[in-house]
K.L.:
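I have a structure here, written as structure tokens, and I will follow up with some questions on it.
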Amino acid sequence: MKKQFCLFSGIISLCFSIMLFSCATTVDVRLTRPAQLDLNGAKTIAVLPIKPYAYYKDYNASLGKQILINSFYQIFDIRDADEQLAIDSLRTQIERGLLDSPYIKLVSADAVVTARQKGLINPADVYLTGEVTYFDVDDDRTEEKKLVKAAKGDEKAEYKIVKYWKRSVHMNFRYQVVDSSTDRVISFEEVRMYNYSSKYESKHSLPSVYSLLESDIRSASRKILKELQPYVVTKSIKLLETKTKDKELKARMKAASELAENNKIQESSEQFQQIYMETGLVEAGYNAAILQEALGNLSVAERMMENVYNNNPDNRVAKGLADIQYEINQANRLKNQIKNSDSDSEDLDL
């Protein structure tokens, strides 16, 4: 029995070691992505009051995507407190994100309304309009048979009827980004939010409507902010491992990978490049180039990866080259957006 236990422990340890040492090295890089929308160099933006569901139902839905400009320049009387809280939270999160942005300036909706009423120049280059196209809270009551006592011998099982409450919330939010000088709709999207609670024996125990929508509201505000301004993401860059049986070469590759793990990216890239120049090992050349991408040296990374691919038309290298070229495209878009919104900004280095 003891032998079997030792053997089992040994197998578990071996499997763990294989998993530990077979994991490829990854390098995490923080990148600034361009805004998903082209705002034509807009420097200022306003978030207009969001139209509640009751107002949405009042106008002819057959108008489709046509924007009713004047209907958004007003303060809405929201009769549903739950909808009010959801709307206020969504608008606040969007405005807070724009207020913190170094790329675009937030202008108050009041200033936009005043300018429009007095025939002055609109202080916002673009603005966000929104309306709730559906809002519903459903508290559903159900009955279930619950076992109280199991059957035993001649005794029958005993059951009781238990009443449960379950709450579901559904909210659709449609929004448009509009060029204030032409009233041209730049973007038209809709976000659907839906969630439901667990079962509760008491209706008073049901969670609040807002708590069920809170996560979706955060997601919606993040989605909208990514469309309006550059944003930061974390990207994981994975190095390739070699299957060579050359122990010395394997040790050199491992040492270069450890440099990357210890955040010595430039040194790691140089080590991999040296190995590639001496041996022509595809994995070494790939790693050297992809680490230059991690450093932000995109033009250098592209040249290095093209060299590796020309010498070794490997599918992995082709994917690495495509990834670098994608990052170059993203960096150029970001540079153009920053240039358009600030004529004094400096060029980004590629």
K.L.:
Roughly how far, to the nearest 0.5 Å, is the OG1 atom of T114 from the CG atom of D110?
P.N.:
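Separation between the atoms: 6.5 Å.
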K.L.:
Any side-chain donor-acceptor pair under 3.5 Å between S236 and D28?
P.N.:
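The criterion, which ignores hydrogens and geometry beyond distance, is satisfied for D28 and S236.
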K.L.:
Under 3.5 Å, is there a donor on one side chain and an acceptor on the other for Q274 and E270?
P.N.:
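Their side chains do not contain a donor-acceptor pair, so the 3.5 Å distance test is not met.
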K.L.:
Between H170 and F135, is the gap from one ring center to the other below 6.0 Å?
P.N.:
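Between H170 and F135, the centre distance exceeds or equals 6.0 Å.
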K.L.:
Taking all heavy atoms of Y309 and all of A318, pick out the closest pair and write down the distance.
P.N.:
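Looking at all heavy atoms of both residues, the closest pair is CE1-CB, 3.7 Å.
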K.L.:
Can a donor-acceptor pair be found, under 3.5 Å and without considering hydrogens, that links the side chain of S219 to the backbone of S215?
P.N.:
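Side chain of S219 to backbone of S215, a donor-acceptor pair under 3.5 Å: yes, one is there.
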K.L.:
Find the distance between CG (D125) and NZ (K105) and round it off to the nearest 0.5 Å.
P.N.:
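D125 CG to K105 NZ: 11.0 Å, rounded to 0.5 Å.
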K.L.:
Mark yes or no for whether S211, through its side chain, and P207, through its backbone, hold a donor-acceptor pair below 3.5 Å.
P.N.:
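Checking the backbone N and O of P207 against the side chain of S211, no donor-acceptor pair under 3.5 Å is found.
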K.L.:
Could you tell me if the side chain of S221 sits less than 4.5 Å from the side chain of R96, heavy atoms only?
P.N.:
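They are not in side-chain contact.
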K.L.:
Does S168 offer a backbone N or O that forms a donor-acceptor pair with the side chain of D138 under 3.5 Å?
P.N.:
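Looks like no, no N/O pair under 3.5 Å.
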K.L.:
Hey, does the side chain of N262 reach the backbone of K264 with a donor-acceptor pair shorter than 3.5 angstrom?
P.N.:
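Between the backbone of K264 and the side chain of N262 there is no qualifying donor-acceptor contact (under 3.5 Å).
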K.L.:
Closer than 3.5 angstrom, by distance alone: can the side chain of T26 be matched with the main-chain N or O of I237 as a donor-acceptor pair?
P.N.:
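No; zero donor-acceptor contacts below 3.5 Å.
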K.L.:
For residues I217 and M193, determine if any side-chain heavy atom of one lies less than 4.5 Å from a side-chain heavy atom of the other.
P.N.:
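I217 reaches M193 side chain to side chain.
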K.L.:
Before giving the answer on side-chain contact (heavy atoms from CB on, under 4.5 Å), spell out for Q176 and L128 the whole-Å C-alpha distance, their side-chain angles and the decisive distance to 0.1 Å.
P.N.:
CA-CA 6 Å; Q176 300 158 340; L128 179 78; over 6 Å; no
K.L.:
Can you name the residues that form a salt bridge (Lys or Arg N to Asp or Glu O under 4.0 Å) with R316, not counting sequence neighbours?
P.N.:
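Result, salt bridge (Lys or Arg N to Asp or Glu O under 4.0 Å) vs R316: E283, D314.
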K.L.:
How about Y194 and D136: does a side-chain donor come under 3.5 Å of a side-chain acceptor?
P.N.:
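Side chains of Y194 and D136: no pair found under 3.5 Å.
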K.L.:
Can you confirm whether Y196 is buried at OH, in the sense that more than 12 heavy atoms of other residues, nucleotides or ligands lie under 6.0 Å from that atom?
P.N.:
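12 or below, so no.
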K.L.:
Let me see the working for N287 and M253 under side-chain contact (heavy atoms from CB on, under 4.5 Å), right down to the final yes or no.
P.N.:
CA-CA 10 Å; N287 292 346; M253 289 286 287; 4.1 Å; yes
K.L.:
Can you tell if the side chain of E83 reaches within under 4.5 Å of the side chain of L85, non-hydrogen atoms only?
P.N.:
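Not in contact.
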K.L.:
Could you report the tightest heavy-atom contact between D179 and S181, atom names first, then the distance?
P.N.:
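Looks like OD1-OG, 2.7 Å.
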K.L.:
Is D323 reaching over with its side chain to a backbone N or O of K319, donor-acceptor style, under 3.5 angstrom?
P.N.:
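No, D323 side chain to K319 backbone: no donor-acceptor pair under 3.5 Å.
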K.L.:
Can you give me the closest heavy-atom contact between N122 and A115, atom names plus distance?
P.N.:
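Minimum heavy-atom contact is CA-CB, 4.3 Å.
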K.L.:
Could you tell me if the side chain of V308 sits less than 4.5 Å from the side chain of N310, heavy atoms only?
P.N.:
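Heavy-atom side-chain distance check fails, nothing below 4.5 Å.
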K.L.:
Sub-3.5 Å donor-acceptor pair from the side chain of R91 to the main-chain atoms of I50, do we have one?
P.N.:
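Flag not set: sc R91 to bb I50 has no pair under 3.5 Å.
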K.L.:
Between the side chains of K163 and E144, is the shortest nitrogen-to-carboxylate-oxygen separation below 4.0 Å, so that they form an ion pair?
P.N.:
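No salt bridge links E144 with K163.
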K.L.:
Looking at R184, I want to see if its CZ is surrounded by more than 12 non-hydrogen atoms of other residues, nucleotides or ligands under 6.0 Å.
P.N.:
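For R184, atom CZ is crowded (more than 12 foreign heavy atoms under 6.0 Å).
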K.L.:
Identify whether the distance between the nearest side-chain nitrogen and carboxylate oxygen of K254 and E261 falls below 4.0 Å.
P.N.:
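Looking at E261 together with K254, the answer is no, because their closest N to O distance does not fall below 4.0 Å.
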K.L.:
What is the distance from atom CG of D140 to atom OG1 of T142, rounded to the nearest 0.5 Å?
P.N.:
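Output value for this atom pair is 6.0 Å.
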K.L.:
Set out, in order, the CA-CA distance, both residues' side-chain angles and the distance that settles side-chain contact (heavy atoms from CB on, under 4.5 Å) for Q271 and Q266, then state yes or no.
P.N.:
CA-CA 9 Å; Q271 291 277 357; Q266 181 62 41; over 6 Å; no
K.L.:
Would a hydrophobic clustering, with Ile, Leu, Val, Met, Phe, Trp and Tyr connected at side-chain separations under 4.5 Å, put V233 with V29?
P.N.:
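Hydrophobic grouping puts V233 with V29.
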K.L.:
Does the pair E248/R252 count as a salt bridge with the N-to-O cut at 4.0 Å?
P.N.:
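No, this pair does not count.
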K.L.:
Checking E227 against Y175: is there a side-chain donor and acceptor pair closer than 3.5 Å?
P.N.:
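Distance-only check passes for Y175 and E227.
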K.L.:
Checking Q337 side chain against A35 main chain: does a donor-acceptor pair fall under 3.5 Å?
P.N.:
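Side chain of Q337 to backbone of A35: a pair is present.
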K.L.:
May I ask you to decide whether E131 forms a salt bridge with K51, counting only side-chain N to carboxylate O separations under 4.0 Å?
P.N.:
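Looking at K51 together with E131, the answer is yes, because their closest N to O distance falls below 4.0 Å.
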K.L.:
Verify whether one side chain among Y53 and T133 offers a donor that lies under 3.5 Å from an acceptor in the other.
P.N.:
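T133 and Y53 do not have a side-chain donor-acceptor pair below 3.5 Å.
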K.L.:
What distance separates T242 OG1 from Y286 OH, expressed to the nearest 0.5 Å?
P.N.:
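So the OG1 of T242 and the OH of Y286 are separated by 14.5 Å.
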K.L.:
Can you tell me how far apart CD (E293) and CG (L321) are? Round to the nearest 0.5 Å.
P.N.:
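CG of L321 is found 10.5 Å from CD of E293.
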K.L.:
Do L259 and L239 share a hydrophobic cluster (ILVMFWY, side-chain heavy atoms under 4.5 Å, transitive)?
P.N.:
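The answer is no; the residues belong to distinct hydrophobic clusters.
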K.L.:
Would you call Y127 and V107 a side-chain contact if the rule is heavy atoms closer than 4.5 Å?
P.N.:
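SC-SC contact between Y127 and V107 ruled out.
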K.L.:
Show the numbers, then the answer: is there a side-chain contact (heavy atoms from CB on, under 4.5 Å) between Y231 and L225?
P.N.:
CA-CA 8 Å; Y231 57 98; L225 286 169; over 6 Å; no
K.L.:
Is I161 atom CD1 crowded by more than 12 heavy atoms from other residues, nucleotides or ligands, each under 6.0 Å away?
P.N.:
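Yes, CD1 of I161 has more than 12 neighbouring heavy atoms, counting only those of other groups under 6.0 Å.
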K.L.:
What are the two closest heavy atoms between I104 and K43, and how far apart are they?
P.N.:
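The pair with the smallest heavy-atom distance is CG1-O, 3.5 Å.
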K.L.:
Strictly distance-based, threshold 3.5 Å: is any side-chain N or O of S268 a donor or acceptor partner for the main-chain N or O of A256?
P.N.:
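Confirmed, S268 side chain pairs with A256 backbone.
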K.L.:
Could you grab the distance from atom NZ of K152 to atom CD of E158, nearest 0.5 Å is fine?
P.N.:
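Between atom NZ of K152 and atom CD of E158 there are 12.5 Å.
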K.L.:
Ignoring hydrogens and angles, state whether a donor on the side chain of Q93 or S89 is under 3.5 Å from an acceptor on the partner side chain.
P.N.:
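A pair is found: one side chain offers a donor N or O, the other an acceptor, under 3.5 Å apart.
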